[in-house]
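A, B, ... follow the sequence lines: proteins, then strands. Residue 1 opens every chain.
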Amino acid sequence: MPELPEVEVVRRGLEPAVRGALMAAVTVHDERALTRYPGGAADFEAALTGARLVGAARRGKFLWLPIDGEERAVVGHLGMSGQILLRPAGAGPERFERIRIDLEHPSLGELSVVFADQRTFGSLAIDRLVPTVDSRAGGVGDAAPRVPAQVAHIARDPLDPAFDDVAFRRALARKRSGVKRVLLDQTVISGVGNIYADESLWAARIHPETAAETLSTRAVNRLLTEIRAVLEKALAEGGTSFDAQYVNVNGQAGYFAHSLNAYGRTGLPCPRCGTSIRRDAFMNRSSHFCPRCQRRR
DNA sequence: TATTTTACCTGAGGGC
DNA sequence: TGCCCTCAGGTAAAAT
């Protein structure tokens, strides 16, 4: 399931292939991949064909490809099962292929960007770029102080140099919800999903249902440190793959699944104390934690 | 206003 | 073999 590390792996793979590339042809196979674009398929294809891309940027789990000479970008979200693949020109259709963009790159020649998505929670769109409220760079990979309008309400992610630790602590102090619920709120902190929330809380020894407002400054700082450590380690290992759902732009899986301490390890011993990892129902999904290391206050 | 719940979606895998 | 059920979960809209 693509969270920040997986999306960043995709961004890094995409950037050299799209920078300076002309979109020679755009084909929408399945309009459900345009749920965040009200203009529809024909308009999407016409608007992009002939335009040039200048790079690949990311904030949290959102990606965008700014268009040369316009204050607009192609915006992407992988949802649950989305993939962005780089393929040689003329390559056969991918399983679950929804949109294909054929590129002419000044040095790499012809290639195709394929958006494939089994569960269709992901999407591509064209969106206008608006100024950031703090005048800092919009995200990783775009130094300009601009961000797609539909991403503007998403908080910066903890690997963003402009992430505000103090504001994060203040936000937590105002929240009456459990801390895990707040970590999944992309308007408070972005990029963290169910897997890395469980892993970060395990590392920081915090129970997922601990009321956010009761966390001490020290505990919040420890949590933030562990979130960054977990995300960076996952990024270094190419992301987390359980099956064919998440892959990089070349279709390869990541290795971080081997490094998980809590997520998906129900009944297995906690790597720190040996107690069986517990799984509790949480928001129509699951929380995994060590009932001994992560005591509820 | 703040918080919680639900809808969206489809294939994999288990039980029978 | 095949049918039915459960599960995976990010986002935004709807409900409380």
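Ranked by how close their nearest DNA chain C nucleotide is to the 5' end, A:Met283 and A:Gln118 are led by A:Gln118. Residues A:Gln150 and A:Met80 both approach DNA chain C. Their nearest nucleotides, taken by heavy-atom distance, put A:Met80 toward the 5′ side.
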Please evaluate residues A:Glu97 and A:Arg100 with respect to the criterion salt bridge (Lys or Arg N to Asp or Glu O under 4.0 Å), reporting the C-alpha separation (whole Å), side-chain torsions for both, the decisive distance (0.1 Å), and the verdict. CA-CA 8 Å; A:Glu97 177 166 331; A:Arg100 179 173 294 223; 2.9 Å; yes
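Rounded to whole Å, atom P of B:dT3 lies 15 Å from atom CD of A:Glu209. Nucleotide C:dG10 holds its P atom 10 Å from the CZ atom of A:Phe282, rounded to whole Å. Taking atom CG of residue A:Leu260 and atom C1' of nucleotide C:dA8, one finds them 15 Å apart after rounding to whole Å. Per the geometry, CZ belonging to A:Arg119 stands 14 Å off P belonging to C:dT11, to the nearest Å. Per the geometry, CZ belonging to A:Phe96 stands 10 Å off P belonging to B:dT10, to the nearest Å.
At a threshold of 4.0 angstrom between heavy atoms, the contacts of A:Thr35 with the nucleic acid are absent. Across all strands shown, A:Arg98 has no heavy atoms under 4.0 Å from either base or sugar-phosphate atoms. Here A:Arg181 lies in heavy-atom contact (under 4.0 Å) with a base. If you check every strand for non-hydrogen atoms under 4.0 Å, A:Asn284 touches a base.
When only modelled atom types and interatomic distance are considered, A:Arg32 and A:Thr120 share no side-chain donor-acceptor pair under 3.5 Å. Between the side chains of A:Ser259 and A:Glu237, a donor-acceptor pair is found at a separation under 3.5 Å.
Remark: A:Arg146 is not positioned above the aromatic ring of A:Trp64, lacking an NZ or CZ atom under 6.0 angstrom from the ring centre and at most 45 degrees off the axis.
Contact annotation: A:Lys61 reaches the phosphate of C:dT11 (side-chain N/O to OP1 or OP2, under 4.0 Å).
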